[in-house]
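When reading the values below, keep in mind they use all heavy atoms of this one structure, side chains included, and skip hydrogens, waters and symmetry mates.
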Amino acid sequence: QLESLEAPSEVADAHDAFVAVAKQRVEQWVSAADRASEIESLDELVAATLKTPDFTGTCMALEQTVDDNGLRLDMDCD
């Protein structure tokens with residue numbers, strides 16, 4: 001559903017970056033769920049689900065870009 005949101009042009013790049021990272025995170029969790037019976041340790045689970053680029057940093061960058069442009073958005077990133 002994030003992709004269907006049309007961000008204001010001033011924040012489009014930050015929005016698109018966040019959507020891309022969020023999609024990667026979802027894909028990793030789905031993949032890990034599909035392989036759940038094969039994952040034997042917490043370390044393997046972490047490795048399977050936390051490979052995305054900095055999700056929190058990307059989220060915070062979107063919030064900052066929105067704020068810098070006089071808009072309002074609270075994604076509760078931290």
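- Partners of N69 by side chain to side chain contact (heavy atoms under 4.5 Å, CB included), not counting sequence neighbours, listed by chain and number: E10, V11, T65, L71.
- Note that the OG atom of S31 and the CD atom of Q24 stand 13.0 Å from one another [nearest 0.5 Å].
- Partners of S37 by side chain to side chain contact (heavy atoms under 4.5 Å, CB included), not counting sequence neighbours: none found.
- Residues A14 and A61 approach most closely at CB-O, 4.5 Å, considering heavy atoms.
- The shortest distance between side-chain heavy atoms of T56 and D54 falls below 4.5 Å.
- For A22 against F55, the heavy-atom pair with the smallest separation is CA-CE1, 3.8 Å.
- Looking at heavy atoms from C-beta onward, V19 lies in side-chain contact with H15 at the 4.5 angstrom threshold.
- Partners of L73 under the side chain to side chain contact (heavy atoms under 4.5 Å, CB included) rule, at least two apart in sequence or in another chain, are L62, V66, M75.
- Residue pairs that meet the salt bridge (Lys or Arg N to Asp or Glu O under 4.0 Å) test with at least one member in residues 63-74, sequence neighbours left out, do not exist here.
- Taken to the nearest 0.5 Å, the CD atom of E40 stands 9.0 Å off from the CD atom of E38.
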